[in-house]
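Worksheet: one structure, shown below.
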Amino acid sequence: MDRLKCPSFFKCREKQKVTASSENFHVGENDENTDRGNWSKKSDYLLSMVGYAVGLGNVWRFPYLTYTNGGGAFLIPYAIMLALAGLPLFFLECSLGQFASLGPVSVWRILPLFQGVGITMVLISIFVTIYYNVIIAYSLYYLFASFQSVLPWASCSSWADDNCSRSPIVTGCNVSTVAGEMFMNISWVTLNNLTCLNGSEVFQPGQLPSEQYWDKVALQRSSGMEETGVIVWYLALCLLLAWLIVGAALFKGIKSSGKVVYFTALFPYVVLLILLIRGATLEGASKGISYYIGAQSNFTKLREAEVWKDAATQIFYSLSVAWGGLVALSSYNKFNNNCYSDAIVVCLTNCLTSVFAGFAIFSILGHMAHISGKEVSQVVKSGFDLAFIAYPEALAQLPAGPFWSILFFFMLLTLGLDSQFASIETITTTIQDLFPKAMKRMRVPITLGCCLVLFLLGLVCVTQAGIYWVHLIDHFCAGWGILIAAILEILGIIWIYGGNRFIEDIEMMIGAKRWIFWLWWRACWFVITPVLLCAILVWSLVKFHRPDYGDIPYPDWGVALGWCMIIFCIIWIPIMAIIKIIQAEGNIVQRIISCCRPASNWGPYLEKHRGERYKDMAEPSKETDHEIPTISGSRKPE
């Protein structure tokens, strides 16, 4: 038929190829997988993974944790937890996505009973994506505010109240009167032109200009979550701009985002190096570094369980495991890509970046402590307080402060963006796997539609109570849900699907290895990593505390809403398990057994990679994820 319609068979084939490429522009000519596409270059993938793993937490959380947990001594449990928990999970997810060329939901053809785990990962990624772009919007606002000759938070301006001061505020003192020496309020003393007796002053700490600017100007923060207030229009515009940047970078999927990350993933290292060089030349920098990782290191801290818990938790969240992003990004690799070396490179890069960022942060905070006459411990902050209060305050006191501020907030912007790219790619990859034909025709509208919906959902986070919503979602969704998903992921793949069987799958991609090569991975996957994750989950539940922000407790309905969000995310695990069991055939035991075996369309996506082990596999694109094989039709463990 083809020869009758086209004078030349080869010209006709070329015409069909061009037409397919124009309809499905996320697939390149050299791609191995013409349905889903592949990364244009290995470096596109590695930088995307580095950008995804290296985020804001590397800059605003790790240095503070290191300081509070014994300084340089903290690097010991940090490195151990990387080897025991972080790297094994990271390698597992990269291998899983690459082997099947499927996203975090469809990849659970490997174990249909656990498909809800993939849904949980995607839902949590959606919640986190909503507030993460709000943080990027904060960075954009501060970036624009820095384009002034004098930084607006450099001094207490018209927006400040009487508590705005870089030094302690005198509230009262003893004065000499005709009735003798008396203690009086400072306002009365000033009104009567009296002088405080030496050493009698009573002080209260003042609020830094940068702190009041953050609360009163940037956020216009209300008194609590109950007082929603109005949408802060300039934050809403910054949020819209953030989503436009994300949408523009992802409109061609990995083909466009893979090029953008060459800037967003590498630029933060340039800025950190510049800030480190500048910080090292300032007075007091050595004191800051000493507190971070030098002479102030306290190795006795290693006896405390809290230190080890913090190390494991930081590794777990820093590497972005169990969010679905690693599976999604790796699913676009070519089948024989060396995912083992990729996992090693990305994990080490992520951890070394955290250590490197700490030097840049603490050198400048040390200078701030020096010029203000305080101890480093009095100026060190973490999270929002570091990014939008402590560090901006330090930068405002540097010569050419606006220049350094522009660099810093542009770095925060790029750190956040490439992590956001991967999160949105996780969502669109899930849609692509579920509706491949629609995604081929309508990738741009679907991607932009996702960005629009998430922008609208994020508007509550740029109201005057927005910071309370951001903290609430972070407190609940980015915690237990991810831990539960990670535990079930490793138990399902290693203990039910089979760890040895999974290793055979990996060897189909990277080649056969000697038994001693897998000794460490087997120990971690089968025992050590699941035990550590369970310990972290139990610890976090035991240590649970009601969320608060700025010493303002959350209302009961706010806490209840947080629990509802996390329940909504994880409830799909039992729901999907029940659905799969109902769809299976046989008695209840047979149904459960069949759901614990891979679906008939599980295996390498392309036929040429299936070999003897998967020669009878059904075509992935021709069967849906809802098909559950019967006992007799399931592939039994080899």
Side-chain angles (χ1 to χ4, degrees), residues 56 58-68 71-72 74-75 139 142-143 145-156 164-168 205-211 213-214 267-297 352-415:
L56 296 171
N58 296 73
V59 173
W60 75 14
R61 179 166 168 78
F62 175 82
Y64 178 79
L65 279 180
T66 303
Y67 158 72
T68 56
F74 181 69
L75 297 183
S139 302
Y142 270 82
L143 176 65
S146 300
F147 283 94
Q148 302 182 43
S149 56
V150 178
L151 291 173
W153 56 86
S155 60
C156 299
C164 182
S165 174
R166 285 197 172 92
S167 57
Q207 282 188 309
L208 294 171
S210 59
E211 182 178 356
Y213 184 85
W214 167 244
F267 182 76
Y269 292 96
V270 176
V271 176
L272 284 173
L273 180 61
I274 294 173
L275 289 175
L276 176 59
I277 294 172
R278 180 66 182 105
T281 63
L282 298 171
E283 284 188 279
S286 60
K287 189 176 182 181
I289 298 298
S290 178
Y291 267 84
Y292 169 52
I293 208 168
Q296 299 293 331
S297 295
L352 292 175
T353 300
S354 298
V355 177
F356 180 58
F359 285 101
I361 297 297
F362 269 81
S363 60
I364 291 182
L365 290 182
H367 173 68
M368 177 182 171
H370 174 77
I371 61 177
S372 60
K374 299 178 180 178
E375 290 295 319
V376 176
S377 58
Q378 294 177 281
V379 300
V380 172
K381 306 286 184 182
S382 69
F384 293 110
D385 289 347
L386 171 65
F388 301 108
I389 297 176
Y391 212 74
E393 176 69 23
L395 296 175
Q397 299 179 51
L398 293 179
F403 170 75
W404 301 110
S405 182
I406 291 169
L407 274 184
F408 176 71
F409 287 109
F410 199 64
M411 178 191 70
L412 288 188
L413 173 65
T414 54
L415 277 173

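Only heavy atoms go into these numbers, but all of them, side chains included; no hydrogens, no water, no symmetry mates. If you read the sequence from its start, that first residue is 1, and numbering goes on from there.
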Before giving the answer on side chain to side chain contact (heavy atoms under 4.5 Å, CB included), spell out for I293 and F359 the whole-Å C-alpha distance, their side-chain angles and the decisive distance to 0.1 Å. CA-CA 8 Å; I293 208 168; F359 285 101; 3.6 Å; yes
Should V376 and Y292 be marked as a side chain to side chain contact (heavy atoms under 4.5 Å, CB included) after you check the CA-CA gap, both sets of side-chain angles, and the distance that decides it? CA-CA 9 Å; V376 176; Y292 169 52; over 6 Å; no
Would you check, one step at a time, whether the test side chain to side chain contact (heavy atoms under 4.5 Å, CB included) holds for T66 with F62? CA-CA 6 Å; T66 303; F62 175 82; 3.3 Å; yes
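For the atom pair Y291 OH and T68 OG1, the distance stands at 13.5 Å (nearest 0.5 Å). Atom-to-atom distance recorded for R61:CZ and S354:OG is 11.0 Å, nearest 0.5 angstrom.
Taking every heavy atom of both residues into account, N58 and A357 meet most closely at O-CB, 3.8 Å. Nearest approach of S139 to F409, heavy atoms of both residues: O-CB, 3.9 Å. The two residues G358 and P63 have their closest heavy-atom pair at CA-CG, 3.6 Å. Residues G279 and S363 approach most closely at CA-OG, 3.6 Å, considering heavy atoms.
Using cut-offs of 30° and 60° for the angle between ring planes, the F362 and Y67 rings count as tilted. Classification of the W214-F384 ring pair by plane angle, with boundaries at 30° and 60°, yields parallel.
Within the 4.5 Å cutoff, the side chain of L275 has heavy atoms near those of the Y391 side chain. Using a 4.5 Å heavy-atom cutoff, the side chains of H370 and L282 are not in contact. Contact of the L407 side chain with the F403 side chain is registered, since non-hydrogen atoms from C-beta on lie closer than 4.5 Å. Put simply, the side chain of T414 does not reach to within 4.5 Å of the side chain of V271, judged on heavy atoms. Side-chain contact between E375 and K287: present, with at least one pair of heavy atoms (C-beta onward) separated by less than 4.5 Å. The shortest side-chain heavy-atom distance between I361 and W60 does not fall under the 4.5 Å cut-off. Annotation: side chain of I364 is not in contact with side chain of M368 (no heavy-atom distance under 4.5 Å). Between Y64 and L386 the shortest side-chain heavy-atom distance does not fall below 4.5 Å.
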Determine all donor-acceptor pairs shorter than 3.5 Å in which one atom belongs to a side chain in residues 149-156; sequence neighbours excluded.
unit_1 : atom_1 : unit_2 : atom_2 : d
W153   : NE1    : P392   : O      : 3.0

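Annotation: side chain to side chain donor-acceptor pair (under 3.5 Å) contacts involving residues 399-412, sequence neighbours excluded, comprise S146-S405.
Between F267 and F410, the ring centre distance stays below 6.0 Å.
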